[in-house]
Amino acid sequence: MNSKQNAKLNMAQRVSETLKRYESVYAGIAPMTAAVAELNAGVANIRDTQKEQETAGVSASTLKKREAERKMIEPCVRIANALYVIGFTTGDKELITLQGTSENSFYNTTGNNALALARRISDLAQARISELQTYGVEDTEIAALGTAIEAFQTLIAKPMDAIGERKQKTSNLAQLFAGLDSALYDKLDRLMVLFKHSAPEFYGEYRTARNIIFPTEKSPSPTLPRDGDA
């Protein structure tokens, strides 16, 4: 939600609070109570959508990604160490490069680089299944590593899904603000004229609450007709 939308929402909240204080003044006027209910629902819906937009896809996907990464890294380290021992014993220089492979080797790099390292270890292991069995690494463990790598690769792409979800929430916000404008401009602003003389204090506080205060402004911006035009 941008700064202008946030300022408008804060204005609507102030209007809602003002209307609540003077509820007894308009309680018997059905169109007024309906408009107030519409405003309150609009404010609540925007608040909820704002929260959803800010957290869309983050918590759940992050936890799943961390768990998938852990399931990939643990067997990678075990298999890499076994491959290094084979390389040291046989003089295989490629396997010797795996010396020092640890969990930090993965966690201290980006997701794609960690994935590339895991794939390299998996490929090397596939070519030496029988030798690895001598060091206690079963073929089922190598196969499980391949599955873990695919699962992690799938989750790396999930942030794009979260971005798409946030875009949808942004679109929903635009619609909700349009509904909020309708409740304010088309209904409440017109109905409030009824109280200009019968309840001037209420009318005055409403007009004050209707001003939008932007963060960079020193004074409020009027958002309804001038007093003489109402």
Side-chain angles (χ1 to χ4, degrees), residues 1-6 9 45-176 215:
M1 192 161 72
N2 60 45
S3 59
K4 289 186 177 181
Q5 288 176 325
N6 194 57
L9 181 59
N45 287 336
I46 291 173
R47 292 290 187 197
D48 290 343
T49 302
Q50 178 188 18
K51 291 177 182 178
E52 292 172 2
Q53 182 190 46
E54 292 172 349
T55 60
V58 175
S59 298
S61 65
T62 298
L63 291 174
K64 287 180 180 179
K65 180 181 175 182
R66 288 175 180 171
E67 178 62 14
E69 188 175 30
R70 182 189 65 78
K71 288 182 177 179
M72 179 186 74
I73 290 174
E74 288 181 355
C76 263
V77 171
R78 170 173 157 75
I79 293 172
N81 289 334
L83 286 169
Y84 164 71
V85 173
I86 293 172
F88 182 79
T89 302
T90 62
D92 189 317
K93 292 182 179 180
E94 185 175 17
L95 297 183
I96 290 175
T97 63
L98 296 175
Q99 180 182 13
T101 300
S102 65
E103 292 187 2
N104 286 336
S105 304
F106 290 90
Y107 289 127
N108 291 336
T109 188
T110 63
N112 285 325
N113 287 337
L115 186 63
L117 176 57
R119 284 197 179 282
R120 177 170 174 252
I121 292 170
S122 178
D123 291 343
L124 291 172
Q126 289 290 344
R128 295 168 175 80
I129 292 177
S130 59
E131 294 172 84
L132 284 168
Q133 288 178 338
T134 304
Y135 293 91
V137 179
E138 300 296 332
D139 56 350
T140 53
E141 188 173 354
I142 296 172
L145 172 59
T147 301
I149 289 172
E150 295 304 320
F152 182 62
Q153 182 178 25
T154 299
L155 287 174
I156 284 179
K158 287 296 183 180
M160 294 305 297
D161 295 339
I163 290 171
E165 187 177 348
R166 285 194 290 274
K167 286 183 177 179
Q168 180 60 48
K169 297 299 181 184
T170 299
S171 176
N172 292 345
L173 274 175
Q175 296 176 10
L176 290 172

*Closest contact, heavy atoms only, Gly87 versus Leu95*: CA-CB, 3.6 Å
*Once you round to the nearest 0.5 Å, how far does CD1 of Ile73 lie from CG of Leu117?*
9.0 Å
*So do Leu9 and Arg47 actually touch side chain to side chain, heavy atoms under 4.5 Å?*
yes
*Within-4.5 Å side-chain heavy-atom neighbours: Phe152 and Arg70*: no
*Of Val85, Val137, Ile86, which meets side chain to side chain contact (heavy atoms under 4.5 Å, CB included) against Glu131?*
Ile86
*With no hydrogens and no angle check, is any side-chain donor or acceptor of Thr49 less than 3.5 Å from a backbone partner on Ile46?*
no
*Taking C-beta and beyond as the side chain, do Arg78 and Glu141 meet within less than 4.5 Å on heavy atoms?*
yes
*For Thr154 and Glu150, indicate whether the former's side chain and the latter's backbone hold a donor-acceptor pair under 3.5 Å.*
yes
_Would you compute the distance between atom CZ of Arg119 and atom CD1 of Ile121 and round it to the nearest 0.5 angstrom?_
12.5 Å
*Output every pair passing side chain to side chain donor-acceptor pair (under 3.5 Å) with a member in residues 85-95, not counting sequence neighbours, ordered by first then second residue.*
Asp92-Arg128
*Of the non-hydrogen atoms in Leu83 and Ala125, which two are nearest, and what is the gap between them?*
CD1-N, 4.1 Å
_I'd like to know if Lys64 pairs up with Glu67 as an ion pair, taking the criterion as any Lys NZ or Arg NE/NH1/NH2 lying under 4.0 Å from an Asp or Glu carboxylate oxygen._
no
*Nearest 0.5 Å please: distance from the CD1 atom of Ile79 over to the OG atom of Ser122.*
7.0 Å
_Where Tyr135 and Ala82 come nearest, the two heavy atoms and their spacing_ = CB-CB, 4.3 Å
*Which pair of non-hydrogen atoms, one from Ile96 and one from Tyr84, has the smallest distance, and what is that distance?*
O-CD1, 3.6 Å
_Phe88, CZ: over 12 other non-hydrogen atoms inside 6.0 angstrom_ = no
_Looking at every non-hydrogen atom in both residues, tell me the closest pair between Val77 and Ser102 and how far apart they are._
CG2-C, 3.6 Å
*Hey, could you give me the CD1/CD1 distance between Ile142 and Ile129, rounded to the nearest 0.5 Å?*
5.0 Å
*Interatomic distance, Leu132 atom CG to Gln126 atom CD [nearest 0.5 angstrom]*: 10.0 Å
_Short N-O contact, Lys65 and Glu69, less than 4.0 angstrom_ = no
_Are Leu98 and Arg120 packed together at the side-chain level, in the sense that at least one heavy-atom pair is separated by less than 4.5 angstrom?_
yes
*asked:* Give me the atom names and distance for the closest heavy-atom approach of Gln50 to Leu173.
replied: N-CD2, 4.4 Å
*Nearest 0.5 Å please: distance from the CG atom of Asn6 over to the NZ atom of Lys4.*
13.5 Å
